[in-house]
Amino acid sequence: MSTWANLGLQDSASPLMEQLIFFHDHALLILVMITILVGYLMFMLFFNNYVNRFLLHGQLIEMIWTILPAIILLFIALPSLRLLYLLDEINEPSVTLKSIGHQWYWSYEYSDFNNIEFDSYMIPTNELATDGFRLLDVDNRIILPMNSQIRILVTAADVIHSWTIPALGVKVDGTPGRLNQTNFFINRPGLFYGQCSEICGANHSFMPIVIES
């Protein structure tokens, strides 16, 4: 989970999040290179005293500064598209979990196991154990196996919610009357925390998610 000193992304706990972090670093490198180049050109303009009264056009430089950004955009767009298709791929899941957003708590159903159902509420601060995390711990955690393909179906009973676990690279909107799905593969044991990241009402930041892997 993130702590107060974290400036970067959380450590990944799934191959998808790993790929998202790689793409973030790739895009950031391109942005830094563009910023340095433009900054250098702007800085050098202050010291440039060349003047050409008869300069009307420079077709070569105009071609370069039209084609070069298009090539740079391809270097960002192609990995981004690959990642979008990877995130949508469902690979023969071992376990299916259904998550239903309510104002303001989550309900879960393990439809593969005798239809186990339970609600998951945030633990109030005055009832929190000494080793618990305020505003993040819940009374009933989701328990999922590691090294297994997990499918999650997300919907909502009242307004739009969003089921989000940063360490797994998962963010799925729960929309009333609609069933959205995604998949993830947890590759290490641990506790993974998330929250509703849609503005679904006054208490939307008080419906956390905890996965015990």
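Predicted model only: the values in this text are computed from it and were never measured.
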Test side-chain contact (heavy atoms from CB on, under 4.5 Å) applied to L37 and L41, step by step: CA-CA 6 Å; L37 176 66; L41 292 173; 4.3 Å; yes
Stepwise side-chain contact (heavy atoms from CB on, under 4.5 Å) test for Q10 and M17: CA-CA 9 Å; Q10 290 183 34; M17 188 59 195; 5.8 Å; no
Worked check of side-chain contact (heavy atoms from CB on, under 4.5 Å) between L16 and F185: CA-CA 8 Å; L16 286 177; F185 181 95; over 6 Å; no
Derivation of the side-chain contact (heavy atoms from CB on, under 4.5 Å) call for V159 and H204: CA-CA 11 Å; V159 295; H204 92 104; over 6 Å; no
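Between the side chain of S120 and the backbone N or O of I209 there is no donor-acceptor pair closer than 3.5 Å. With hydrogens and angles disregarded, a donor-acceptor distance shorter than 3.5 Å links the side chain of Q103 to the backbone of C200. Although no hydrogens or angles enter the test, the distance criterion places no donor-acceptor pair under 3.5 Å between the side chain of N180 and the main chain of V154.
Side chains of W106 and C196 form a contact here, defined as non-hydrogen atoms less than 4.5 Å apart. Between P145 and I150, some side-chain heavy-atom pair lies under the 4.5 Å cut-off. Using a 4.5 Å heavy-atom threshold, the side chains of D137 and Y193 count as touching. Between N187 and P15 there is a side-chain heavy-atom pair separated by less than 4.5 Å. The side-chain heavy atoms of L29 and D25, taken from C-beta on, include no pair separated by under 4.5 Å. Here the side chains of F113 and V95 are in contact, with some heavy-atom distance below 4.5 Å. Two residues are said to be in side-chain contact when any heavy atoms from C-beta on lie closer than 4.5 Å; F192 and V210 fail this criterion. You'll find the side chain of I160 reaches within 4.5 Å of the side chain of P176, heavy atoms only.
Taken from CZ in F184 to CG in L87, the straight-line distance is 13.0 Å, to the nearest 0.5 Å. Between the OG atom in S107 and the NE2 atom in H102 there is a gap of 3.0 Å [rounded to 0.5 Å]. Residue T155 holds its OG1 atom at 7.0 Å from CD1 of I100, rounded to the nearest 0.5 Å. Annotation: the span from H161 atom NE2 to I199 atom CD1 amounts to 13.0 Å, rounded to 0.5 Å.
By the 6.0 Å contact criterion, CE on M33 is open, its count of non-hydrogen atoms from other residues, nucleotides or ligands being 12 or less. Atom CG of N6 is surrounded by more than 12 heavy atoms from other residues, nucleotides or ligands within 6.0 Å. Counting non-hydrogen atoms of other residues, nucleotides and ligands closer than 6.0 Å to CZ of R178 gives a total of 12 or fewer. Around atom CZ of F118, more than 12 heavy atoms belonging to other residues, nucleotides or ligands sit under 6.0 Å away. Other residues, nucleotides and ligands contribute only 12 or fewer heavy atoms inside 6.0 Å of the CD atom of Q59.
When the side chains of ILVMFWY residues are joined at heavy-atom separations under 4.5 Å, either directly or via intervening members, M42 and L68 end up in a single hydrophobic cluster.
Side-chain atoms of S94 and S148 include no donor-acceptor pair closer than 3.5 Å.
Remark: D139 does not engage R141 in a salt bridge, criterion side-chain N to carboxylate O under 4.0 Å.
A side-chain hydrogen bond (donor to acceptor under 3.5 Å, both in side chains) with R151 is found for one member of D112, T96, N183 and no other, namely T96.
Taking the six-membered ring where the residue is Trp, Y105 and Y121 present parallel rings, their angle staying beneath 30° rather than reaching 60°. Note: F43 and F46 have perpendicular aromatic rings, judged against thresholds of 30 and 60 degrees for the angle between ring planes.
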